[in-house]
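Presented below is the structure to which this report refers.
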Amino acid sequence: MVLFNLWAQNRDAAYWEDPDIFNPDRFLTNNKLKNERFNSYVPFGQGRRMCLGEKLAMADLFLIIVRLLQQCQIILPDGAGSARLDPQPAALVSVPFPFKIVVKPRNGLAN
Ligand code: HEM
């Protein structure tokens with residue numbers, strides 16, 4: 001069996017500046033999505049066995065994230081400091097260390 005090391009590809013310093021920093025702006029030019037193919041960006045795998053659900057996942061994530069940010073303010077509890085964003089080692093996927101958040105409806109929206 002051949003497995004691609006997607007973790008290493010997605011963090012290849014030859015292609016990404018500060019690969020371990022969470023910086024969504026790296027995909028933007030003048031606030032618009034860069035119109036280019038990103039080398040070494042393979043969250044859904046590659047080749048014949050790449051993810052069959054990529055289009056569905058991207059459409060769902062867009063709707064879920066936009067809806068959440070439109071309707072809710074998501075903040076850290078008072079005195080919580082900052083959340084730890086480095087990944088917790090796991091077998092196949094990385095998950096964040098647990099942290100608490102407060103979710104409030106945005107001004108003018110009902111509870
Ligand atoms: C953010 C969400 C998702 C991510 C990051 C993701 C990522 C991946 C990755 C990395 C693989 C392995 C590709 C490889 O072997 O090179 C995979 C396989 C697969 N994914 Fe996803 N996936 C996501 C969501 C989904 C969804 C929503 C579905 C179905 C509705 C799905 C269905 C599949 C299937 C069927 C395979 C196996 C394809 C094969 O072996 O031929 N995935 N996915």
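Residue numbers start at 1 and run along the sequence shown.
More than 12 heavy atoms of other residues, nucleotides or ligands shown are found within 6.0 angstrom of CZ on F97. Within 6.0 Å of the CE atom in M50, the count of heavy atoms belonging to other residues, nucleotides or ligands exceeds 12. Residue K104 places its NZ atom among 12 or fewer non-hydrogen atoms of other residues, nucleotides or ligands, all under 6.0 Å distant.
Every ring-ring contact (aromatic ring centres under 6.0 Å, His included) that F38 has, sequence neighbours left out, goes to F27. For P96, the side-chain contact (heavy atoms from CB on, under 4.5 Å) partners at least two apart in sequence or on another chain are F99. N23 pairs by the side chain to side chain donor-acceptor pair (under 3.5 Å) definition with nothing, not counting sequence neighbours.
One N or O on the side chain of N5 and one on the backbone of A8 form a donor-acceptor pair closer than 3.5 Å. Without hydrogens or angle criteria, R106 side chain to L69 main chain gives a donor-acceptor distance under 3.5 Å.
Atoms CZ and CG, on F44 and L52 in that order, are 12.0 Å from each other to the nearest 0.5 Å. To the nearest 0.5 Å, atoms OG1 (T29) and CG (N35) are separated by 9.0 Å. Taking CD of Q70 as the reference point, atom CG of L68 lies at 10.0 Å (rounded to 0.5 Å). Distance CG/L56 to CG/D60: 4.5 Å, rounded to 0.5 Å. Here the CZ-OH distance, from R26 to Y41, works out to 10.5 Å after rounding to the nearest 0.5 Å. The CD1 atom of I75 lies 10.0 Å from the CD1 atom of I101; values are rounded to the nearest 0.5 Å.
When every heavy atom of W16 is checked against every heavy atom of Q9, the shortest pair comes out as NE1-O, 4.0 Å. Minimum heavy-atom separation, P77 to V102: CA-CG2, 3.8 Å.
Using a 4.5 Å heavy-atom threshold, the side chains of R11 and D20 count as touching. Side chains of P43 and N10 form a contact here, defined as non-hydrogen atoms less than 4.5 Å apart.
Hydrophobic cluster membership is shared by L63 and V66, with clusters built from Ile, Leu, Val, Met, Phe, Trp and Tyr side chains linked at under 4.5 angstrom.
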